[in-house]
Amino acid sequence: MEPTNVYAYKLVSRKEYFSPGHRACQGCAEALAVRLVGKALGRDTIAASATGCMEVVSTPLPFTNWNVPWIHVAFENAAAVASGAEAGMKALMRKGRLPKKKITFLAMAGDGGTSDIGIQALSGALERGHDFIYVCYDNEAYMNTGIQRSSSTPFGASTTTSPAGKVVPGQVTWKKNMPEIAAAHDIPYVATACPSYPIDLVQKVKKAARIKGPAYIHILSVCPTGWRLPPELSIKAGRLAVETGIFPLYEVEDGRYKFTVEVGILRPVSDYLKIQGRFRHLDEGMTGKIQKRVKEEYERLKKKVKMTQGD
Amino acid sequence: MGKRIGLEVSLSAAEAVKMADVDCIAAYPITPQTHIVEHLSELVNNGELDAEFIPVESEHSAMSVCAGIAAVGARAFTCTSSQGLALMNEIVHIVSSMRLPMVMILANRSLSAPISIWNDHTDVMSVRDCGWVQVFANNGQEVFDHVLFGYRVAESEKVMLPVMIHVDGFILTHVIEPVEFWETEQVERYLPEFKPVHALHPDRPVTMGCIAGPPIFSEVKVAQDEALIQSKSEIISAWKELGDIVGRNYKPIEGYKHEDAETLFITQGCFGETVSLAVDALRDEGKSVGLLMDRLWRPFPFEEFRQAVENAKSLIVIDRAISYGGQGGPLALDLRSALYKEKNEPIITNFICGLASRDVTIDDFKNIYNRSMEKIKVNPREEDFEYYGVRGK
Ligand SMILES: Cc1ncc(C[n+]2csc(CCOP(=O)(O)OP(=O)(O)O)c2C)c(N)n1
Ligand code: SF4
Ligand SMILES: [Mg+2]
């Protein structure tokens, strides 16, 4: 652990852009991630949000928790709406109708709004090269509608549409690798993050804002409600995801991969799995499968780091 | 007076978008809308129009990008047809509910299946209840004028709603017609800079697109409906001023030899021009017949229709879309509601024809007239409607 993490509250802005009073569940690390992203970006931000938990908990008409300009249009189009806002502002400033000013355009969506229904709009926006940051808050299921599986739900997890049944033991597919899909667009910046590592997260978001062109940040966001986990273990679960190698923290800058939090020897995945109700039904065989896969993927990532940092 | 030239209607539509000095265009190609987007990208890439052209990956994103553009207070344009409209449908409803002004041209084309690139109004009717101001433009000049009219109405502080301009695919989009451009000075007088009531900007943070539960949802939606209904006065004054500036006068319903007619055809879109020739021919035969062309589709001009048909004994409503399992075509349904229990309520007959550009000629409209005269002798019921020109019917 980097010692700075302990002093996170001193190193990030005190200003709240996603203000208190929202209706997220206790211990919601997705809400914490949103808050940290807001602090990292500051006031000169325009945010476009997809439908999902974070939209629902923060804007029950006539209330709002947003202290930055914020728009929600639909579930699958946050990247497109942000594209429009960016293009519109660019035109207005170029044509002298608004004073020139650096504004960060943020698109935000859950894992469902990103890796499933919103992947087309996201791919389009990344390919077109808008100057914006796309943040995926990955809580590994459609939480807003009641914990249904997404393509980002991990292998083995029990959700309401991949229930641990007598014949099928929960989710039978492997988690879609969304950061890799984003990186395959050859955009200038891709990163993974987790609010259990707040400084790392804030630094990445700030870097993404500095870089011109599209940036994609994939934030693992522990959801105690959907993961069947006591709320006080949210932060710990995020750390375990990283320490087991299940969710490595890295960045891809101009195609170069780099670990931003070095883990050393990985903890066994069971440390992470056993504290969550969604994995309660897993037997040794399933856990072993997960362990093997995590190791392989981690090695693959290490190779990428080595290959791309070498030159 | 601006220059007058012969130009394909799609190209003159694009030229009108240029005259409106739009800030951003987001569109996805689909026949028969393609020539409009192609010409717009040419104008942008040749530096003739200072705008962002956003070549989106789908119509769903086209409409979503336009939502973002309008939300920051920039002027957005898009255009589509048929399947493209169906794909963007979700967002079409949202932008009107969020009161985001913009203009969209819909090059009218049938909806699949079977897939057809040809012209009718099945796409139009699929968004009848989407909350946009909707007008039909029936020739090249009307298309040109209505692009400028569209922004003028949409961006009016009293309206703040998107405007859809219906243009018949191929039979209008692809023909060459004379069009009189506006002078820049006329545009400046008619169409002020877009000053949105609310816009996304860090200096004045606002939240757009909230979630609303049972205690407040109805109020929001009723306010939206009232805004659309009330937009009519602004629509009429925008037409009036357009007339004052360029000398062409538009009304919610355009009449042709209708004032003394016992029987009135009612049409939408380009069929009006063919029917007007049929009216001439029928008048030569001594028939008392006239024509009303519906220009304003939403908000529906109930009052204007009631007045316009006051002296008519019967109406022949021509629909170019099917309301499956319903009581006739969508236009007839609205007219029947508009005139129900009116004093001297005319008898309404309804004919659905011209699907996927099936030709309906002057003679066909004369046949329709004769058929209608036979039908009204037996006082047709509300659900009576006929498909005209369909084999086996
Ligand atoms: C087109 C469409 N399909 C389905 C829905 C229903 N829906 C709303 S939010 C949601 C799931 C959101 O999941 P995710 O993106 O992972 O965000 P989370 O709530 O988990 O943060 C679904 C299925 C919708 N609003 N729109
Ligand atoms: S369901 Fe999960 S993600 Fe949604 S608010 Fe609750 S804890 Fe947060
Ligand atoms: Mg989710």
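Chain naming here is simple, since letters A, B, ... match the order of the sequence lines and numbering starts at 1 in each. What you see is a predicted model; the values in this text were computed from it and never measured.
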Item to check | Test item: A/H72 side-chain N/O and B/G209 main-chain N/O as donor-acceptor pair under 3.5 Å | outcome: yes
Next on the checklist: If I take atom CE from residue B/M63 and atom CG from residue A/N77, how far apart are they, to the nearest 0.5 angstrom?
Outcome noted: 11.5 Å
Next on the checklist: Below 4.5 Å, heavy-atom pairs only: which of A/D44, A/T51, A/N65 has the largest tally toward chain B?
Outcome noted: A/D44
Checklist entry - Between A/K95 and B/D50, is there a donor-acceptor pair closer than 3.5 Å when you use the side chain of the first and the backbone of the second? => result yes
Item to check | Separation between CH2 of A/W70 and SG of B/C210, rounded to the nearest 0.5 Å | outcome: 6.5 Å
Checklist entry - Non-hydrogen atoms of chain A under 4.5 Å away: do they reach the side chain of B/I94, the backbone, both or neither? => result side chain
Item to check | Minimum-distance pair of heavy atoms, taken over all atoms of B/P202 and A/R43 | outcome: O-NH2, 3.4 Å
Item to check | Toward chain A, the part of B/V56 with a non-hydrogen atom under 4.5 Å | outcome: both
Checklist entry - Are A/N67 and B/P205 close enough that some pair of their side-chain heavy atoms sits under 4.5 Å apart? => result no
Item to check | Neighbour count >12 (heavy atoms, 6.0 Å) for atom CD, B/E185 | outcome: yes
Checklist entry - Should we say atom NE2 of A/H185 is surrounded by more than 12 heavy atoms from elsewhere, each under 6.0 Å from it? => result yes
Next on the checklist: Is A/V73 close to chain B through its backbone or its side chain, or both, or neither, when contacts mean heavy atoms under 4.5 Å?
Outcome noted: both
Item to check | Heavy-atom pair of closest approach, residues B/S61 and A/A121 | outcome: OG-CB, 3.6 Å
Next on the checklist: Rounded to the nearest 0.5 Å, what separates atom NE2 in B/H201 from atom CD1 in A/I46?
Outcome noted: 6.5 Å
Checklist entry - At a heavy-atom separation under 4.5 Å, does A/E127 approach chain B through its side chain, its backbone, both, or neither? => result neither
Item to check | Over 12 non-hydrogen atoms of neighbours within 6.0 angstrom of NZ in A/K102 | outcome: yes
Checklist entry - Would you say A/R128 has more than 12 foreign heavy atoms packed within less than 6.0 Å of its CZ? => result yes
Checklist entry - So which part of B/P215 gets closer than 4.5 Å to some heavy atom of chain A, the side chain, the backbone, both or neither? => result neither
Item to check | pair A/Q120-B/S58: side-chain heavy atoms closer than 4.5 Å | outcome: yes
Item to check | Rounded distance [0.5 Å steps], CG in B/L100 versus CD1 in A/I71 | outcome: 6.0 Å
Next on the checklist: Given heavy-atom pairs under 4.5 angstrom as the criterion, report whether the side chain, backbone, both or neither of B/V95 touches chain A.
Outcome noted: neither
Next on the checklist: Nearest 0.5 Å, please: how far is OG1 in A/T59 from CE in B/M208?
Outcome noted: 13.0 Å
Checklist outcome for this item: Residues A/A91 and B/E52: closest non-hydrogen pair is CB-CG, 4.1 Å
Checklist outcome for this item: Answer key: most heavy-atom pairs under 4.5 Å with chain B among A/S123, A/A82, A/A87 is A/A87
Next on the checklist: Can you confirm whether more than 12 heavy atoms, excluding those of A/Q26, are under 6.0 Å from its CD atom?
Outcome noted: no
Item to check | Proximity breakdown for B/C24 and chain A, heavy-atom pairs closer than 4.5 Å | outcome: side chain
Checklist outcome for this item: Heaviest contributor of heavy-atom pairs below 4.5 Å to chain B, chosen from A/E86, A/R97, A/K101, is A/R97
Next on the checklist: For A/K90, is there an ion pair with B/D23 - N to carboxylate O distance below 4.0 angstrom?
Outcome noted: no
Checklist outcome for this item: In terms of heavy-atom pairs under 4.5 Å with chain B, the winner among A/G88, A/A80, A/A48 is A/A80
Next on the checklist: So which residue, B/L200, B/I54, B/I69, B/I216, ends up with the most heavy-atom pairs under 4.5 Å with chain A?
Outcome noted: B/L200
